[in-house]
Amino acid sequence: MGYLLDRVIRERSPLVQRAGAVRRGASARPDRDLRQAAWAASLRTDPAVLDMLVLAVFRVRRGVTDPCQVPDDLRRRHGLTRPDATRRMAQALRALR
């Protein structure tokens with residue numbers, strides 16, 4: 001019974017999060033907006049920055065304590081050092097404001 005309940009909660013969680021976001025006036029799909037919306041065009045010029053922003057938005061929505069930390073796999077994928085990734089994440093978040 002516990003497994004079934006966990007599965008239902010996991011499947012419904014994104015729907016509940018999106019509905020809550022829309023009620024608060026936020027985007028239901030911020031990742032899609034970052035990748036497609038006209039207002040975000042300037043944020044898409046650098047693929048590394050775009051990946052970091054999408055990750056940060058997901059982390060914030062899930063209540064992660066340090067949403068700005070760039071994971072090693074993402075950093076390596078874009079050939080960034082830790083200090084460079086941290087600096088670029090900070091710049092990207094400032095641009096998002």
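L74 contributes atom CG, which lies 4.5 Å from atom CZ of R77 (distance to the nearest 0.5 angstrom). Atom-to-atom distance recorded for L50:CG and T45:OG1 is 9.0 Å, nearest 0.5 angstrom. Atom CZ of residue R75 and atom CG of residue D84 lie 10.0 Å apart, to the nearest 0.5 angstrom. The distance from the CG atom of L43 to the CG atom of D33 is 11.5 Å, given to the nearest 0.5 Å. Taken to the nearest 0.5 Å, the CZ atom of R82 stands 4.5 Å off from the CG atom of D72. Distance CE/M52 to CG/L80: 5.5 Å, rounded to 0.5 Å.
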Please step through side-chain contact (heavy atoms from CB on, under 4.5 Å) for the pair M89 and Q69, ending with a clear verdict. CA-CA 8 Å; M89 173 67 94; Q69 178 186 10; over 6 Å; no
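Looking only at side-chain heavy atoms (C-beta outward), V49 and Q91 stay at 4.5 Å or farther from each other. The closest side-chain heavy-atom distance from L34 to W39 is below 4.5 Å.
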